[in-house]
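Beneath this line is the structure, given in structure tokens, with notes to follow.
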Amino acid sequence: FFVMLFSMSNIDEAKFEEMVKSFQATFSIFDGGGSSFTDGVLISSGVSQLEELNDYYESMGENQDAQNQADQIEQAITLGVEGIIIEPVSVDGVVPSVKAAKEAGVNVVIVNQRISDPEAADCYVGADAATTGSKLMEEVMKDIDGKGNVALLLGPMGSDGQVGRSEGFDQVLADYPDVTVAFQDTAEWQTEPALTIVENWLNAGKEISAVVAQNDSMAVGGAKAIADAQKTGEIKVYGIDATSEGLQAVLDGKLQGTMAQGTADQGKFAADACADLLDGKEVDSETIVDNVYYTADNAQEALDAIAK
């Protein structure tokens, strides 16, 4: 048996679906078995059931928090699962439960967002959030010639993605004294809050050269506010994840670019690691996927790859 726990407050649906495709590809190696949806947790001994992950997403909703996820890990231990793949809600909140799972003999793979005690789990699979943030901000600096006001749309405060990407942003911004962070706020990875936040920034009357969002969903929301204010092109917008929605926005001229974090690779490598652990094999303690930056020049190729 294995269980997958995703923090739906921290991963948008398009990115989730892309990762699911990767899980499906790898877990097809298992024999079929039963599945159970309980309190938003998918538990299965087989993997034809992974086709039901869209239902799983809906059952999970967007109310996940660290306590809920910790409770789900405890439930998985009680049910006797042998492996858990977790996209954690917070860097600290699930660590005690992860340790409890390991003490109970459960294999644990952390995916997409780190936890504060990496040794509590068997391995981590994901991008390096600080590197992702710094690479994106470097692209922004090129486009605005290293001067002007930027506004930052952040993920949930204290989440690994927010902390790491902000660290990367700050590393680059420190080298550009003519750039000012005029605004920053969290939109919790969500489109609608981002739209409202950027509307408020625009109404403040301060000139903005670029809006840099820590994921594509927030970037799309910000771009909508900018389009409503008839400032598309005048204010550049950037995202992270290269989701289908983000890539399409790039092709439509709403986003300047989006930085991919190898979402499909994260799903595949996490599933590979879990499968190897269940087979008693050794795995690397950390697998870091590569970043790729998409603009109007190469976004169509990436969008076509997602559609396959």
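When reading the values below, keep in mind they use all heavy atoms of this one structure, side chains included, and skip hydrogens, waters and symmetry mates. Counting begins at 1 with the first residue of the sequence.
- Here the straight-line distance linking atom CE of Met137 with atom CG of Leu152 works out to 5.0 Å at 0.5 Å rounding.
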List the steps and the verdict of salt bridge (Lys or Arg N to Asp or Glu O under 4.0 Å) for Glu286 and Arg114.
CA-CA 10 Å; Glu286 183 175 274; Arg114 298 178 188 269; 2.6 Å; yes

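- Side-chain N or O atoms of Asn291 include one that pairs as donor or acceptor with a backbone N or O of Ala260 at under 3.5 Å.
- Side-chain atoms of Val106 and Glu82, non-hydrogen and from C-beta on, never get closer than 4.5 Å to each other.
- Sparse packing is recorded around NZ of Lys99, with 12 or fewer heavy atoms of other residues, nucleotides or ligands lying under 6.0 Å away.
- For the pair Phe169/Val150, no side-chain contact is recorded, criterion being any heavy-atom separation below 4.5 Å from C-beta on.
- A donor-acceptor distance shorter than 3.5 angstrom exists from the side chain of Gln69 to the backbone of Glu87, with no hydrogens or angles considered.
- Looking at Ser116, its side chain does come within 3.5 Å of a backbone N or O of Val91 through a donor-acceptor pair.
- With values rounded to the nearest 0.5 angstrom, Thr131 atom OG1 is found 8.0 Å from Ile288 atom CD1.
- Within the 4.5 Å cutoff, the side chain of Gln162 has no heavy atoms near those of the Thr186 side chain.
- Between the CD atom of Glu138 and the CG atom of Leu173 there is a distance of 9.5 Å, given to the nearest 0.5 Å.
- Here the side chains of Asp304 and Gln300 are in contact, with some heavy-atom distance below 4.5 Å.
- Taking the side chain as every heavy atom from C-beta outward, Pro88 and Ile110 approach each other to under 4.5 Å.
- Between Ser217 and Trp189, the shortest heavy-atom distance links the atoms CB-O, 3.3 Å.
- Considering CD1 of Ile197 and CD of Gln190, their distance stands at 11.0 Å, rounded to 0.5 Å.
- Side chains of Gln67 and Asp71 form a contact here, defined as non-hydrogen atoms less than 4.5 Å apart.
- Summarising the geometry, atom CG belonging to Asp216 is positioned 6.5 Å from atom CG belonging to Leu255; distances are rounded to the nearest 0.5 Å.
- The nearest pair of heavy atoms linking Tyr293 to Gly257 is OH-CA, 3.5 Å.
- Within the 3.5 Å criterion, the main-chain N or O of Lys147 finds no donor-acceptor partner in the side chain of Asp178.
- Atoms CG and CD, from Leu136 and Gln214 in turn, are 9.5 Å apart once rounded to the nearest 0.5 Å.
- The shortest side-chain heavy-atom distance between Val109 and Val283 does not fall under the 4.5 Å cut-off.
- Listed here is the closest heavy atom pair of Ile73 and Ala101: CG2-CB, 4.2 Å.
- The backbone N or O of Asn215 sits nowhere less than 3.5 Å from a side-chain atom of Asp241 that would complete a donor-acceptor pair.
- Under the 3.5 Å distance criterion, the side-chain polar atoms of Asn298 are matched with a main-chain donor or acceptor of Thr295.
- Judged by distance alone, with hydrogens and angles left aside, the side-chain atoms of Asn149 form a donor-acceptor pair with the main-chain N or O of Glu207 at under 3.5 Å.
- Closest approach of Tyr176 and Gly146 over heavy atoms only: CD2-CA, 3.6 Å.
- A heavy-atom distance below 4.5 Å is not found between the side chains of Glu119 and Lys102.
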